[in-house]
Colleague: 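Quick one: structure below, then a few questions.
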Amino acid sequence: MFIIDQFFGTFSHDLAIDLGTANTLVLVRGKGIMIREPSVVAIHKKTKNVLAIGTEAKKMVGRTPASIVAQKPLKDGVINDLEAAEAILKHFIKKVHGDSQGLPKIPRPRVVIGIPSDVTEVERRAVQEAALNSGAREVFLIEEGVAAAIGAELPIEEAAGNMIVDIGGGTSEIAVISLGGIVVNHSVRIAGDEMDQDIVNYARARYNLLVGEKTAEQVKIEAGSAFPVGEEIRMPLRGRDLATGLPATINIGSSEIREALSSTIQTIIGVIKDTIEETPPELVSDIYERGIYLTGGGSLLSGLPELISKETKIPTILTKDPLTTVVMGAGKVLDNVELLEKVKITQGVP
């Protein structure tokens with residue numbers, strides 16, 4: 001089987017996919033990351049035709065007529081619209097695998113996909129079916145925490161504790177890994193999307209201002225923080241005044257955004273502390289020496305490493321490229337059959 005897979009792999013473009021709530025990244029074996037686009041699809045309600053995917057579809061969010069819906073097919077890190085997820089995967093697989101008309105048929109790719117650790121068997125099957133229906137030859141699922149640790153180049157196969165915290169768009173994965181396996185892990189469906197919603201709720205409650213999630217996300221990126229760092233930033237926040245129904249603008253400061261985000265951030269930190277408490281003492285000692293590694297798009301919130309370090313009393317290190325660690329880790333297991341066999345959850349064959 002390995003020789004056959006190696007033969008097909010020579011000619012097919014095997015893929016690693018980070019099918020995230022916010023963004024989808026696709027890595028082609030031997031070529032690197034080829035696609036990095038929002039996990040959004042625009043569909044006509046009546047005809048069910050796909051009108052746009054990725055970046056073009058995200059531009060439509062909040063701006064579509066009643067006949068078109070621009071949506072994320074994933075919620076909290078798992079598929080809640082199978083057809084829309086298949087449309088995204090088919091689009092991206094075709095984009096990187098090419099249309100082989102007029103050429104010898106290229107074997108379908110093997111695909112490795114990172115998924116949250118707490119997904120149900122039904123949710124796992126949904127991911128597998130979406131990838132298989134999109135043209136994959138084989139689908140291997142690995143836990144996002146493990147993929148992130150591999151992508152961050154942590155020595156997970158050593159007999160020592162490695163702690164990774166992956167804060168994405170829909171889920172936060174906290175895992176302690178030793179000897180190539182997860183010793184303790186927690187997955188909570190609270191992450192970057194909840195932070196955006198916190199800002200929406202704060203603007204509504206404090207200023208009677210209705211703002212969209214896209215606007216809230218932009219404010220979070222530009223002025224948000226988890227811990228006081230540097231100078232106070234103020235920026236305009238535009239929306240609709242709920243009293244008059246007319247457009248309105250307020251100036252909001254980073255301290256207010258920090259206040260809005262505090263509940264969600266403290267929830268994530270609470271899960272990190274719970275994970276540490278459940279970790280064997282010998283591994284906690286390793287983590288204290290090596291530090292907590294922070295990754296995922298949500299980890300880019302200013303001051304978050306400093307706050308986690310302050311709350312846990314453990315050094316916290318932001319990985320080199322937090323947005324790509326999961327897909328890079330999934331890509332590395334494509335090149336290492338032994339590691340793939342060790343870390344895969346399950347595989348599906350058409």
Side-chain angles (χ1 to χ4, degrees), residues 20-23 37-43 45 52 54-77 80-81 167-172 188-270 296-304 306-307 323:
T21 304
N23 296 289
E37 293 195 37
S39 302
V40 183
V41 57
I43 299 175
K45 284 186 178 179
T55 303
E56 290 303 312
K58 187 171 184 180
K59 292 177 183 177
M60 299 180 182
V61 173
R63 297 183 170 93
T64 59
S67 60
I68 299 172
V69 58
Q71 64 184 23
K72 295 179 180 179
L74 286 90
K75 182 175 175 59
D76 297 333
N80 69 340
D81 187 327
I167 304 174
T171 59
S172 294
V188 289
R189 300 187 180 190
I190 298 173
D193 287 351
E194 278 67 26
M195 295 181 197
D196 299 340
Q197 190 60 48
D198 285 341
I199 295 172
V200 172
N201 295 341
Y202 184 87
R204 186 180 191 125
R206 180 77 178 268
Y207 295 104
N208 209 31
L209 186 73
L210 181 63
V211 301
E213 289 186 9
K214 192 174 179 182
T215 300
E217 180 186 22
Q218 193 62 35
V219 168
K220 178 187 70 177
I221 292 169
E222 294 185 17
S225 65
F227 191 77
V229 287
E231 295 182 3
E232 175 81 358
I233 299 172
R234 298 194 70 83
M235 67 176 293
L237 180 61
R238 297 179 178 87
R240 186 173 75 240
D241 189 307
L242 288 169
T244 65
L246 299 174
T249 301
I250 62 161
N251 280 318
I252 192 167
S254 52
S255 61
E256 291 178 280
I257 300 170
R258 192 159 55 246
E259 180 185 343
L261 301 177
S262 61
S263 178
T264 292
I265 291 170
Q266 285 301 322
T267 299
I268 294 171
I269 291 175
S299 69
L300 293 171
L301 182 68
S302 179
L304 187 55
E306 290 86 348
L307 182 60
L323 294 171

Colleague: How long is the straight-line distance from OG of Ser225 back to CZ of Arg258, given to the nearest 0.5 Å?
Modeller: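 Between atom CZ of Arg258 and atom OG of Ser225 there are 4.0 Å.
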Colleague: Is the shortest heavy-atom distance from the side chain of Pro247 to the side chain of Arg238 under 4.5 Å?
Modeller: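 A side-chain contact is absent here, since even the closest heavy-atom pair is not under 4.5 Å.
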Colleague: Going through the distances and angles, do Lys59 and Glu56 end up as a side-chain contact (heavy atoms from CB on, under 4.5 Å)?
Modeller: CA-CA 5 Å; Lys59 292 177 183 177; Glu56 290 303 312; 3.3 Å; yes
Colleague: Are Leu301 and Met195 close enough that some pair of their side-chain heavy atoms sits under 4.5 Å apart?
Modeller: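 Counting from C-beta outward, Leu301 and Met195 do come under 4.5 Å.
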Colleague: Distance-only, no hydrogens or angles: does the Ser39 side chain make a donor-acceptor pair with backbone N or O of Lys72 under 3.5 Å?
Modeller: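 No; judged by distance alone, with no hydrogens or angles, the pair does not exist.
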Colleague: What do the steps show when you test Lys75 against Glu194 for salt bridge (charged side-chain N to carboxylate O under 4.0 Å, His left out), and what is the final call?
Modeller: CA-CA 11 Å; Lys75 182 175 175 59; Glu194 278 67 26; over 6 Å; no
Colleague: Give me the atom names and distance for the closest heavy-atom approach of Ile257 to Ala223.
Modeller: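 That would be CD1-CB, 3.7 Å.
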Colleague: Can you list the steps and then say if Gln197 with Asn201 is a side chain to side chain donor-acceptor pair (under 3.5 Å)?
Modeller: CA-CA 6 Å; Gln197 190 60 48; Asn201 295 341; 3.0 Å; yes
Colleague: Step by step, would you call Leu209 with Val211 a side-chain contact (heavy atoms from CB on, under 4.5 Å)?
Modeller: CA-CA 6 Å; Leu209 186 73; Val211 301; 3.7 Å; yes
Colleague: I need the minimum non-hydrogen distance between Glu217 and Asp196, along with the two atoms involved.
Modeller: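 Answer, listing the atom of Glu217 first, then Asp196: CA-OD1, 3.5 Å.
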Colleague: Could you state the interatomic distance from CG (Asp198) to OG1 (Thr264), rounded to the nearest 0.5 Å?
Modeller: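 Going from CG on Asp198 over to OG1 on Thr264, the span is 3.5 Å.
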Colleague: Quick one: pull up CG in Asn23 and CD in Glu37 and give me the separation to the nearest 0.5 Å.
Modeller: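 Asn23 atom CG to Glu37 atom CD measures 9.5 Å (nearest 0.5 Å).
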Colleague: Report the C-alpha distance between Gln71 and Asp81 in whole Å, list the side-chain angles of each, state the deciding distance to 0.1 Å, and finish with yes or no for side-chain contact (heavy atoms from CB on, under 4.5 Å).
Modeller: CA-CA 9 Å; Gln71 64 184 23; Asp81 187 327; 2.7 Å; yes
Colleague: For the atom pair OG (Ser302) and CG (Leu307), what is the distance rounded to the nearest 0.5 Å?
Modeller: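 One finds 11.0 Å between OG of Ser302 and CG of Leu307.
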Colleague: May I have the step-by-step check of side-chain contact (heavy atoms from CB on, under 4.5 Å) for Leu74 and Asn80, ending in yes or no?
Modeller: CA-CA 6 Å; Leu74 286 90; Asn80 69 340; 5.5 Å; no
Colleague: Could you tell me whether a side-chain N or O of Ser172 sits under 3.5 Å from a main-chain N or O of Ile190, the two making a donor and an acceptor?
Modeller: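 Side chain of Ser172 to backbone of Ile190, a donor-acceptor pair under 3.5 Å: yes, one is there.
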Colleague: Looking at Thr64 and Met60, would you say the former's side chain and the latter's main chain have a donor-acceptor pair under 3.5 Å?
Modeller: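 Flag not set: sc Thr64 to bb Met60 has no pair under 3.5 Å.
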Colleague: Got Arg234 and Glu256 here, is their nearest side-chain heavy-atom distance under 4.5 Å?
Modeller: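 Result yes, sub-4.5 Å side-chain heavy-atom pair found.
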Colleague: Do Leu304 and Ile265 come within less than 4.5 Å of each other through their side chains, counting heavy atoms only?
Modeller: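 Side-chain contact under 4.5 Å: yes.
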Colleague: How many angstroms lie between atom CG of Leu300 and atom NZ of Lys220, to the nearest 0.5 angstrom?
Modeller: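 Here the interatomic distance stands at 9.5 Å.
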Colleague: Quick one: closest heavy-atom pair of Ala191 and Gly168, and the distance?
Modeller: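 Ala191 and Gly168 have their closest heavy atoms at CB-O, 3.1 Å.
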Colleague: Using a 4.5 Å cut-off on heavy atoms from C-beta on, say whether the side chain of Ile252 contacts that of Arg206.
Modeller: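 No, side chains not in contact.
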Colleague: Rounded to the nearest 0.5 Å, how far does CD of Gln266 lie from CD1 of Ile269?
Modeller: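 Those atoms lie 4.5 Å apart.
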Colleague: Between Thr249 and Leu237, is any pair of side-chain heavy atoms under 4.5 Å apart?
Modeller: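 They are not in contact (no side-chain heavy atoms under 4.5 Å apart), so the answer is no.
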Colleague: Flag yes if more than 12 heavy atoms outside Arg189 fall under 6.0 Å of its CZ atom; otherwise flag no.
Modeller: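 Buried by this count: over 12 neighbours within 6.0 Å.
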Colleague: Does the side chain of Asn208 reach to within under 4.5 Å of the side chain of Asp241, using non-hydrogen atoms?
Modeller: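 Yes; the side chains approach each other to less than 4.5 Å.
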Colleague: Do you know which two heavy atoms are closest between Ile68 and Ala42, and how far apart they sit?
Modeller: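 Of all heavy-atom pairs spanning Ile68 and Ala42, the closest is CG2-CB, 4.4 Å.
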Colleague: Any heavy-atom pair between the side chains of Glu232 and Ser255 that's under 4.5 Å?
Modeller: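 Yes, at least one pair of side-chain atoms sits under 4.5 Å.
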Colleague: Looking at every non-hydrogen atom in both residues, tell me the closest pair between Leu323 and Gly297 and how far apart they are.
Modeller: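 So the two residues come closest at CD2-CA, 3.4 Å.
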Colleague: Measure across Ile199 and Ala216 and return the closest heavy-atom pair with its distance rounded to 0.1 Å.
Modeller: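 Reported closest heavy-atom pair: CD1-O, 3.5 Å.
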Colleague: So, the side chain of Ser262 versus the backbone of Glu259: is there a donor-acceptor pair under 3.5 Å, distance only?
Modeller: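 A pair under 3.5 Å: yes.
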